[in-house]
Amino acid sequence: MTGNRSVLSGWRAYLYVLPILVLSGLFLYYCIGFTVYTSFHSWNGIDTDMKYIGFDNYIKLFDDKSYHIALRNNLIFFVCTVGVQAALGLMLAVLLRAKLKGHAIFRSVYFIPTIMAPIIIAAIFRIIMDTNFGSLNEGLRAMGLDFLAVSWLGDPKYALMSIIIVNIFEWMGFSMTLYYSALLAIPDEIYESAKIDGSGFWRTLFKITVPLVGGTTSTLVILGIVGSLKTFDIVSLLTGGGPGRSTEFLTTYVYKKAIEEFNGGMSAAAGVTILIIALVLAVLQIQYTNRQQRDL
């Protein structure tokens, strides 16, 4: 009887996770498998007929200049957003940890954009960045800086930068919250000792704070990799990938190939490359973090 009970207890643990395994298998792994399967076929995304063409979709994909532009834009977007968001989030978290007057209110205000729907943020910034009547250009003109009043979302030179700014505004509060939680776990004695030793603000920041929150930074980088590769909503709502292809991202490229051009095979191939890039970068980041921790 005892043996039967132990066996039942072992199987009971699997029963608890069975629902999530079924759901993830159905909605995640099946979809990934079908996407990989589709990438080797010529398919318009509608008919049931699919013609096997091997690696032709991948060959066409890597010869497509639009794909190269989307890949470059994703890289620029990732480097700028992750770096700036992390830096601003850390600075805000350090200031909040100092418990300045009203810090609880400021913490809530900074976090609000993170929980706002992207469509609301996009609508707000479309008004702010409007070429003729937007508050940004109106403010620049009022200060006599007319030469800086440009078409933020309509000019290929500024459109990508504008999306980067909007994304930083949206997710800076998330970085701040993670850093703030990490800072609260650092004993006050460490900072008190540094203060006694005569360490100033910047020396304390770079010699103590930054190394101690390295795990949080690594988490933000991994989330940034995944987030930048799946960014679609804010781009689609603000520019739709334009003007031209100046804000074309891998996700908008996948969407256009599948929905607008009815090329399900190339769309699937592009989706597979997104998955591969995310996995490779995430593994590299994890390995780098593990090496850093072993060195410490």
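Predicted model, so just to flag it, every value in this text is computed and none were measured. Just the heavy atoms: all of them, side chains too, but no hydrogens, waters or symmetry mates, feed the values below.
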Query raised in the report: Atom CZ in F125, atom CG in L136: separation rounded to 0.5 Å?
Result: 9.5 Å

Report task. Specify whether F34 and Y30 have parallel, tilted or perpendicular ring planes, treating 30° as the upper limit for parallel and 60° as the lower limit for perpendicular. Result -> parallel

**Report entry** Distance-only side-chain donor-acceptor flag, E248 / T252, under 3.5 Å
**Finding:** yes

Query raised in the report: Does any N or O in the side chain of T131 come within less than 3.5 Å of the main-chain N or O of V150, such that one atom is a donor and the other an acceptor?
Result: no

**Report entry** Ring centers of F55, F40 separated by less than 6.0 Å
**Finding:** yes

Requested in this report: Look at the rings of F232 and Y255 and say which category their plane angle falls in: under 30° parallel, 30 to 60° tilted, over 60° perpendicular.
Outcome: tilted

**Report entry** Lys/Arg-Asp/Glu bridge criterion (N-O < 4.0 Å) met for R203, D197
**Finding:** no

Query raised in the report: When clusters are formed by joining ILVMFWY residues with side-chain heavy atoms under 4.5 Å apart, either directly or through shared neighbours, do L88 and I163 land in the same one?
Result: yes

Query raised in the report: With hydrophobic residues grouped by side-chain heavy-atom distances under 4.5 Å, do I276 and V226 end up in a single group?
Result: no

Query raised in the report: How long is the gap from CD1 on I190 to CG on L212, to the nearest 0.5 Å?
Result: 5.5 Å

Query raised in the report: Taking the six-membered ring for Trp, are the ring centroids of F62 and Y67 within less than 6.0 Å of each other?
Result: yes

Query raised in the report: Are Y179 and T217 linked by a side-chain donor-acceptor pair shorter than 3.5 Å?
Result: yes

Query raised in the report: Are I274 and Y253 side-chain neighbours, meaning at least one heavy-atom pair lies under 4.5 Å?
Result: no

Report task. Flag the pair D233 / I119 as yes when at least one side-chain heavy-atom distance between them is below 4.5 Å, and no otherwise. Result -> no

Query raised in the report: Looking at CG of N74 and CD1 of I69, how far apart are the two atoms once the value is rounded to the nearest 0.5 Å?
Result: 12.5 Å

**Report entry** Test item: L250 and L71 side chains (from C-beta on) under 4.5 Å apart, heavy atoms
**Finding:** yes

Query - I59 side, atom CD1; M266 side, atom CE - distance, nearest 0.5 Å - result: 11.0 Å

Query raised in the report: Hey, are the side chains of W171 and T81 touching, using non-hydrogen atoms and a 4.5 Å cut-off?
Result: no

Query raised in the report: Is L160 linked to V166 within one hydrophobic cluster, defined over Ile, Leu, Val, Met, Phe, Trp and Tyr using a side-chain heavy-atom separation of less than 4.5 Å?
Result: yes

Query raised in the report: Taking the side chain as C-beta and beyond, is there a heavy-atom pair between T38 and N57 under 4.5 Å?
Result: no

Report task. Taking the side chain as every heavy atom from C-beta outward, state whether L223 and F174 have any pair of such atoms under 4.5 Å apart. Result -> yes

**Report entry** Closest contact, heavy atoms only, R107 versus M176
**Finding:** O-CE, 3.7 Å

Report task. Scan side-chain atoms only and decide if S39 and Y58 contain a donor-acceptor pair under the 3.5 Å cut-off. Result -> yes

Requested in this report: Indicate if I112 and I120 have the same hydrophobic cluster label, given that clusters are the connected sets of ILVMFWY residues with side-chain heavy-atom separations under 4.5 angstrom.
Outcome: yes

Report task. Verify, without hydrogens or angle tests, whether T204 (side chain) and G200 (backbone) share a donor-acceptor contact under 3.5 angstrom. Result -> yes

Requested in this report: I would like to know whether M129 and L238 meet side chain to side chain contact (heavy atoms under 4.5 Å, CB included); could you show each step before the answer?
Outcome: CA-CA 10 Å; M129 294 181 170; L238 284 175; over 6 Å; no

Report task. Give the cluster check for M161 versus I124: same hydrophobic cluster or not, with ILVMFWY residues linked at side-chain heavy-atom distances below 4.5 Å. Result -> yes

Query - Intermediate values then yes/no, side chain to side chain contact (heavy atoms under 4.5 Å, CB included), L92 and F106 - result: CA-CA 9 Å; L92 288 173; F106 286 116; over 6 Å; no

Requested in this report: Test R97 against D188 for side chain to side chain contact (heavy atoms under 4.5 Å, CB included), laying out the working first.
Outcome: CA-CA 11 Å; R97 190 183 186 280; D188 292 333; 2.8 Å; yes

Query raised in the report: Do V272 and T35 come close enough that some side-chain heavy atom pair is under 4.5 Å?
Result: yes

Report summary line: d(L205 CG, L90 CG) to nearest 0.5 Å is 5.5 Å

Requested in this report: Please round to the nearest 0.5 Å and tell me the distance separating atom OG of S135 and atom CG of L140.
Outcome: 9.5 Å

**Report entry** Derivation of the side chain to side chain contact (heavy atoms under 4.5 Å, CB included) call for N73 and R245
**Finding:** CA-CA 10 Å; N73 288 341; R245 293 191 180 273; 6.0 Å; no

Requested in this report: Given side chain to side chain donor-acceptor pair (under 3.5 Å), test T209 with Y191 step by step and report yes or no.
Outcome: CA-CA 9 Å; T209 303; Y191 289 105; 2.9 Å; yes

Query raised in the report: Does R141 come within less than 4.0 Å of E138, counting only side-chain N to carboxylate O?
Result: yes

